[in-house]
Each structure stands twice: as C-alpha cells, then as structure tokens.
Amino acid sequence: MKIKILTLFPQMIEAFKDESIIKRAIQKGVCEVEAIDIRDYSLDKHRHVDDTPCGGGQGMVLQVDVIDRCLKANSDPNAHKIMMTPQGRRYNQAIAMELKEYEELVILCGHYEGFDERIRSYVDEEISIGDFVLTGGELPAMTIADSVIRLLEHAIKEESHLDDSFSTGLLEYPQYTRPVTYDGMDVPEVLLNGNHKLIERFRKKESLRRTLLRRPDLLESYPLTKEDIKLLNEIKEEENK
C-alpha cells in the first residue's frame with residue numbers, strides 16, 4: 001500500500017515514519033509512506049498556499065488551485081483521496097478495515113481556518129477522528145495511517161490485532177504479565193492454570209464486562225450468542241452485588 005500525506009508540515013510525517021511498527025513495515029516493503037509538501041504547488045514566489053476568506057472573517061483559507069494541483073500531481077487514478085476535517089464521518093475500526101483494501105491512500109491535511117469549499121469536489125471522502133478541533137490535520141492523518149498500516153499483512157502478527165478493542169466489536173479483555181503478584185494485586189488464577197478453554201471463557205466474559213460497563217452502546221449492534229447472553233447475565237449479577 002502507498003500512503004501519501006499532503007501537508008504544510010512534512011517534517012511531522014517524517015518523524016512518524018521513523019519509529020516503531022511503522023518504520024519496520026516500511027523497511028519490510030509492506031507499505032510506503034510519503035510526505036508531500038503542499039507549498040511545492042504554489043505558483044507564488046513566496047510559496048503562499050492560503051488567502052483571506054471571501055466576504056471577510058478571521059483566519060486564512062487554503063486555496064483551491066494549489067490543492068488541486070497538489071492532488072493531481074500525487075494521486076494515481078485509483079487512489080482513494082481523503083480530506084481530514086471535523087465535518088467528516090467519524091473514524092472507527094470498521095473504516096480502518098475499509099481503507100486497508102485500497103492500494104493507495106492520499107490524505108489531505110488542513111490548516112489555518114480551513115479549506116476553500118470547492119476543494120471538497122476533488123476528494124472521495126471526508127473523515128474526522130472526533131468531535132474536537134486541532135491546529136491541523138497532520139495528527140489525524142497519522143492516526144489513520146497508523147491504524148491502517150498495522151492491519152496490513154506482515155506489518156504485525158495477525159493475532160496481535162485480531163482481539164484488539166473494536167476489532168471484534170467489543171472492548172479488549174484485560175491483559176496481565178509477570179510478576180504474578182505486585183503491590184497486593186494478583187494475576188487472575190484462571191490465566192495461570194493452563195486450561196485454554198477456561199482462559200478463553202474468562203477473556204470473553206471480561207471483554208463483555210468491560211464493554212457493558214464502559215461502552216454499552218457497542219452491545220446494541222454486537223451479534224450476541226446464547227453463551228454471550230449467559231455470560232452477560234452472570235456479569236450483571238456480579239456487578240449488582
């Protein structure tokens with residue numbers, strides 16, 4: 001997969017590329033990540049990419065002609081072009097799974113007051129990572145790139161993300177490691193007895209418990225089995241004691 005991030009601050013993306021799983025995925029050829037400097041597509045000798053809003057108002061607005069040139073120069077015909085904006089659809093794990101199927105993602109980062117409205121006609125979709133405003137689209141773009149890359153084959157071991165929160169539709173069960181006892185807190189005995197059937201049941205129950213207590217809305221669309229319902233009833237009895 002190719003991921004191109006169109007930005008006014010390419011140095012931010014370069015730092016992202018040089019760490020942890022992302023760096024290893026690039027080195028293994030799983031993906032390519034490229035930072036594109038939007039200013040390179042300005043025709044102004046001072047490399048201006050924005051102007052004051054028509055009709056007056058605060059801030060500066062990214063210009064449609066500059067962004068159009070940048071998108072055309074850096075998008076293959078089948079590339080999926082994304083604009084990062086608070087007005088886009090709310091990002092989640094299901095969308096990450098959708099995006100990993102594309103061969104090329106082009107992610108456009110905003111800055112300043114926002115985009116010329118006409119820029120929206122040059123992208124395929126708009127995405128928001130939450131109901132808050134940042135100074136620019138770079139952090140959201142890196143968030144999307146990170147969440148998609150880790151889903152790609154050979155980026156990490158598949159089993160490492162299959163049980164992640166939201167990947168199954170539930171929040172992930174609690175994890176433990178050594179030491180078994182620390183500061184008066186113990187690892188649950190069931191995780192130490194080697195009975196994989198009991199361990200699996202424990203993890204499913206705790207995943208359901210955590211989801212019920214923290215994100216009950218997720219259970220509304222989760223396909224509960226008879227065993228899941230039984231576990232939920234046990235959890236509710238335990239929590240109401």
Is there side-chain contact between [X] and [Y], with heavy atoms separated by less than 4.5 Å?
X	Y	value
L134	P140	yes
M60	V49	no
L224	L208	yes
Y122	K81	no
L105	K4	no
I119	M83	yes
R215	R210	no
L6	D37	no

Is a side-chain N or O of [X] found less than 3.5 angstrom from the main chain of [Y], in a donor-acceptor match?
X	Y	result
D76	A79	no
D44	H46	yes
N195	K197	yes
E32	M1	no
S207	L171	yes
R118	V64	no
H154	V30	no

When clusters are formed from ILVMFWY side-chain contacts under 4.5 Å, directly or step by step, what else is grouped with V61?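 Hydrophobic cluster check, V61: no partners found.
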Which residues end up grouped with L198 if you chain together Ile, Leu, Val, Met, Phe, Trp and Tyr wherever their side-chain heavy atoms are less than 4.5 Å apart?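 Members besides L198, by chain and number: Y176, V180, V187, V190, L191, L192, I199, F202.
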What are the two closest heavy atoms between [X] and [Y], and how far apart are they?
X	Y	value
K100	L152	O-CD2, 3.9 Å
C109	A141	SG-CB, 3.6 Å
I156	R150	CG1-O, 3.4 Å
Q58	P53	O-CG, 4.0 Å

Salt bridge check: are [X] and [Y] linked by an N-O gap of less than 4.0 Å?
X	Y	answer
E206	R203	no
E117	R120	yes
E34	K2	no
E172	R214	no

In Å and rounded to the nearest 0.5 Å, what is the [atom1] to [atom2] distance from [X] to [Y]?
X	Y	atom1	atom2	result
M142	I129	CE	CD1	10.0 Å
T211	Y222	OG1	OH	8.5 Å
Y102	I82	OH	CD1	8.0 Å
I149	I22	CD1	CD1	4.0 Å
E126	L108	CD	CG	10.0 Å
L62	H48	CG	NE2	13.0 Å

Could you walk me through whether L219 and L170 pass the side chain to side chain contact (heavy atoms under 4.5 Å, CB included) test, one step at a time? CA-CA 8 Å; L219 293 174; L170 302 173; 3.7 Å; yes
Just by distance, with hydrogens left out, do S147 and Y91 show a side-chain donor and acceptor under 3.5 Å apart? yes
Under a 3.5 Å threshold, yes or no: a donor from one side chain and an acceptor from the other, between N74 and Y41? yes
Set out, in order, the CA-CA distance, both residues' side-chain angles and the distance that settles side chain to side chain contact (heavy atoms under 4.5 Å, CB included) for Q93 and L151, then state yes or no. CA-CA 10 Å; Q93 189 69 13; L151 295 175; 3.7 Å; yes
Residues E138, I5; criterion side chain to side chain contact (heavy atoms under 4.5 Å, CB included); working and verdict: CA-CA 8 Å; E138 286 74 22; I5 300 178; 5.7 Å; no
For R39 and L8, run side chain to side chain contact (heavy atoms under 4.5 Å, CB included): C-alpha distance rounded to whole Å, both residues' side-chain angles, the deciding distance at 0.1 Å, then the answer. CA-CA 7 Å; R39 294 187 188 279; L8 298 174; 3.9 Å; yes
Using a 3.5 Å cut-off and no angle test, enumerate the donor-acceptor pairs between side-chain atoms of residues 227-236 and protein atoms at least two apart in sequence or in another chain.
from: D228; atom 1: OD1; to: K204; atom 2: NZ; distance (Å): 2.9
from: D228; atom 1: OD1; to: T225; atom 2: OG1; distance (Å): 3.4
from: D228; atom 1: OD2; to: T225; atom 2: N; distance (Å): 3.0
from: D228; atom 1: OD2; to: T225; atom 2: OG1; distance (Å): 3.1
from: N233; atom 1: ND2; to: I229; atom 2: O; distance (Å): 3.3
from: E234; atom 1: OE1; to: R201; atom 2: NH2; distance (Å): 3.4
from: E234; atom 1: OE1; to: K205; atom 2: NZ; distance (Å): 3.0
from: E234; atom 1: OE2; to: R201; atom 2: NH2; distance (Å): 2.9

Report yes or no: do I38 and L43 belong to one cluster of Ile/Leu/Val/Met/Phe/Trp/Tyr joined by side chain heavy-atom distances under 4.5 Å?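 Cluster IDs for I38 and L43 differ.
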